[in-house]
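The shown structure was predicted, so the numbers you read here are calculated from the model rather than taken from an experiment. Order of listing sets the numbers, starting from 1, for every ligand and every atom in it.
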Amino acid sequence: MGLSEKIAALQAEALEKLKKLANDQELNDLRVNVLGKKGSLTEILKEMKNLSAEERPTIGALANEFRDKINFMLEEKKLEFAQKTLNAALVQETLDVTLPGKQQKQGTRHILTQTQEEIEDIFLGMGYEVIDGSEVETDHYNFERMNLPKGHPARDMQDTFYITEDTLLRTHTSPLQARTMDAHDFSRGGLRMIAPGRVYRRDTDDATHSHQFHQIEGLVVGKDITMADLKGTLDLVMKKMFGQDRKLRWRPSYFPFTEPSVEVDISCFKCGGTGCNVCKQTGWIEILGAGMVHPNVLEMSGLDSSIYSGFAFGLGVERIAMLRYGINDIRGFYQGDVRFLEQFAL
Ligand code: PHE
C-alpha cells in the first residue's frame with residue numbers, strides 16, 4: 001500500500017472513531033493515538049524518507065490536510081462536550097421560583113433598648129438633649145467631680161473594674177453631668193440633658209442585682225431651677241410611663257453630688273396602693289434617686305452656685321423594664337435566650 005492510501009485509510013478510521021467519542025477523555029486519547037509523537041500519522045510520515053523528491057510534496061500536503069481536518073473535528077467535538085455538560089448543569093440547577101421560601105427568623109430590638117428609647121422619646125419631647133458617654137471613665141469625672149474625693153466612704157459602695165489607677169469602668173452615668181457642664185456654653189442659656197448607658201459596680205449578682213446594668217442620667221442646669229421643677233418633671237415622666245393616676249412619694253436620701261437628695265417612689269401601678277406582690281405589700285415602688293445639684297459640683301464646672309442651680313436624677317433601665325413587664329429575674333436580660341427576648345418583639 002502506498003503512503004497516500006495509508007493516509008486515506010487512517011483518515012477513514014479516525015473519522016469513524018471520532019463519531020463514537022463519548023467524552024473528553026476518549027477525545028484526548030484519540031488525538032494522542034493519531035497525531036501524537038508516537039501516533040499513527042507520525043509513524044506513516046517516517047516512511048517519507050523512502051519517497052522520491054517528486055512524491056514527497058504531494059504526500060506532505062496530504063498529511064497536513066489530514067492533520068488540519070482531524071484537529072478541526074476534534075475541536076468541534078470538544079465544544080459539543082462542553083455544551084452538553086453545561087446543559088446538564090443548567091437542567092439540574094433549575095430554580096423553581098414557585099416553591100415556598102424558607103422563612104427568615106427576624107430579630108427584635110432588645111427590651112432594654114426599647115425601654116431606653118421610649119424614655120429618650122419622652123425627654124426629647126421636653127427639649128432635652130440625649131448625650132452619649134464612654135463606659136471607660138476617669139477617676140476624676142466618675143468620683144472627684146461628683147464630689148466624691150479620694151477616701152470618701154461612699155466610694156466603697158461603688159468599687160469597680162480598674163484599668164489603671166485613674167481609669168475605670170464608670171460606676172454610674174453621673175460623670176456625664178460634669179462633662180456636659182464643662183462642654184456647655186452657659187452664655188447661651190441653661191442645659192437639659194439625659195445620658196443613657198451601661199454602668200459597672202461592685203454588686204452580688206442575684207435576681208435583682210447585676211454588676212453591669214443600664215442607667216439614664218438626667219441633668220437640668222440654669223438660673224432659676226428649683227426642686228419644684230424636679231418634682232414637676234418626674235411627675236410627668238412617671239405618669240407617662242406607669243399611668244396617669246400614679247402618685248409620687250419623695251423621701252430624703254443622700255448622694256454626695258446632690259443636696260438635698262431624694263429617693264422617689266411611685267404608687268404601685270398594679271394594686272394602686274393597697275399592697276401586692278409587686279410593691280411588697282407597701283403600696284409604693286422605689287423608682288429612682290435624684291436631688292438638687294450640689295454647689296460643689298456646679299463650682300467645679302466653673303459655675304457660680306449663687307447664680308446657677310440645677311437638678312439631677314438617675315434611674316435604672318433594668319428596674320423600670322422589670323416593673324413594667326413583670327420580669328422577676330434581671331439575668332433574663334443578659335442571657336440572650338430567644339424565648340425570653342421574643343416575648344417583647346414589637
Ligand atoms: N448616680 C446615682 C447612682 O448611681 C444616681 C443619682 C443620679 C442620684 C443623679 C442622684 C442624682 O446611684
Matching residue for Glu286 among Arg319, Lys280, Arg251 - test: salt bridge (Lys or Arg N to Asp or Glu O under 4.0 Å): Arg251
Between the side chains of Ser301 and Arg145, is a donor N or O closer than 3.5 angstrom to an acceptor N or O? yes
Any luck finding a side-chain donor-acceptor pair between Ser267 and Arg246 under 3.5 Å? yes
Any side-chain donor paired with an acceptor under 3.5 Å for Asp166 and His140? no
Between the side chains of Glu144 and Lys150, is the shortest nitrogen-to-carboxylate-oxygen separation below 4.0 Å, so that they form an ion pair? yes
Is any side-chain N of the basic residue among Glu318 and Arg331 closer than 4.0 Å to the acidic one's carboxylate O? no
Ligand 1: protein N/O within less than 3.5 Å of ligand N/O:
unit_1, atom_1, unit_2, atom_2, d
ligand 1, 1 (N), His172, ND1, 3.1
ligand 1, 1 (N), Ser174, OG, 2.9
ligand 1, 4 (O), Arg201, NH2, 2.7
ligand 1, 4 (O), Gln215, NE2, 2.9

